[in-house]
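Worksheet: one structure, shown below.
Counting begins at 1 with the first residue of the sequence. Here the structure is a predicted model, which means the values were calculated and not measured. Atoms within a ligand are numbered from 1 in the order they appear, just like the ligands themselves.
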Amino acid sequence: MICVGEVISLLKERFTQDRYRHSLGVAKEAERLARREGLDEEKAYLGGLLHDYAKGLDEEELRRLGRLSSWDIDDDELAMPELLHAPAGAYLVQQELGVKDPEIIEAIRYHTIGSPTMGKLAVIIYIADYIEPNRDFPGVENARGEVEKGIVPGIITITSNLIKYNIDRGRLIHPNTLLLRNAYLRRTT
Ligand SMILES: [Fe+2]
Ligand SMILES: [Fe+2]
């Protein structure tokens, strides 16, 4: 499997400066959360670096890669092309970089829509993508504070923010986001 150093030089070449900076931010934040939660820090760092691997490819290519992958991509996900870099990226890192770790693959695949059953590594990358230090939007500070209290309040706050954001704009909400929120809310009752 490709090593962290190789991934960093690859992304530097492949990404715009902003996307490169974001990916490094997600990697560092995921590493920090992995340390806190007792998970594999190196895996979290690599997953963070790779999570947006397919971002920037054109829509037709993303759809083609999605079809080639064995991921179940439903009608709601297909209707939101900005989400397709997740399943396409999970496929591409296996094909192009030889990444085989199932937790990293799962984290990339679900970093956009989430999943109520995703594992701990996928959960921290989902969180890191939302709160990494370069992120600056209304609600991010509150989300950072909730993540400091724990993974459960962090996930509830992030999914709630995403659902509210999309409702306010009359946009589709992927059902997984709701299922993820419900699954974590049930843990608190
Ligand atoms: Fe992404
Ligand atoms: Fe991202």
Side-chain angles (χ1 to χ4, degrees), residues 4 7-8 10-34 43-66 69 71-74 76-97 99 101 103-115 118-119 121-141 143-144 147 151 154-155 157-159 161-163 165-166 169 171-177 180:
V4 165
V7 170
I8 288 179
L10 190 75
L11 296 186
K12 218 173 200 168
E13 223 170 89
R14 184 182 173 99
F15 281 172
T16 61
Q17 215 187 0
D18 279 356
R19 187 166 300 139
Y20 175 71
R21 202 179 299 129
H22 165 66
S23 299
L24 273 184
V26 175
K28 284 183 195 149
E29 185 63 20
E31 182 185 46
R32 184 184 76 86
L33 290 171
K43 233 153 93 162
Y45 192 86
L46 188 58
L49 281 179
L50 290 172
H51 82 287
D52 271 341
Y53 187 70
K55 203 154 179 173
L57 298 179
D58 66 54
E59 198 180 318
E60 201 181 322
E61 178 68 354
L62 290 175
R63 288 185 190 281
R64 188 184 74 83
L65 294 168
S69 75
W71 297 111
D72 182 23
I73 303 175
D74 65 26
D76 288 312
E77 200 170 12
L78 282 173
M80 293 180 263
E82 68 276 17
L83 301 180
L84 292 175
H85 69 282
Y91 175 74
L92 264 192
V93 299
Q94 296 178 75
Q95 300 297 317
E96 289 186 356
L97 311 181
V99 175
D101 187 289
E103 290 180 321
I104 294 180
I105 305 295
E106 182 192 44
I108 299 172
R109 196 275 170 260
Y110 288 111
H111 83 272
T112 47
I113 60 175
S115 156
M118 63 186 177
L121 192 88
V123 166
I124 62 165
I125 287 177
Y126 182 89
I127 291 174
D129 191 22
Y130 195 84
I131 65 164
E132 64 95 0
N134 299 296
R135 295 290 207 193
D136 184 18
F137 51 81
V140 73
E141 272 310 325
R144 287 183 181 124
V147 171
I151 294 295
I155 285 283
T157 304
I158 291 169
T159 50
N161 285 359
L162 290 169
I163 291 166
Y165 182 89
N166 286 315
R169 283 157 187 78
R171 291 192 191 158
L172 286 168
I173 294 163
H174 194 280
N176 273 35
T177 309
L180 176 59

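Here F137 and Y130 bring their ring centres to under 6.0 angstrom of each other.
With salt bridges taken as basic N to acidic carboxylate O contacts below 4.0 Å, one links K43 and E103.
Annotation: side chain of L92 is in contact with side chain of L65 (closest heavy-atom distance under 4.5 Å).
Taking the ring centre of Y53 as origin, the terminal cationic atom of R14 falls inside the region bounded by 6.0 Å and 45° from the ring axis.
Under 3.5 Å, the side chains of H22 and E132 contain a donor-acceptor pair of N or O atoms. Using a 3.5 Å distance cut-off with no hydrogens or angles, the side chains of H51 and H85 do not pair a donor with an acceptor.
Distances shorter than 2.8 Å separate the Fe ion (ligand 2) from the protein N/O/S atoms H22 NE2, H51 NE2, D52 OD2, D129 OD1.
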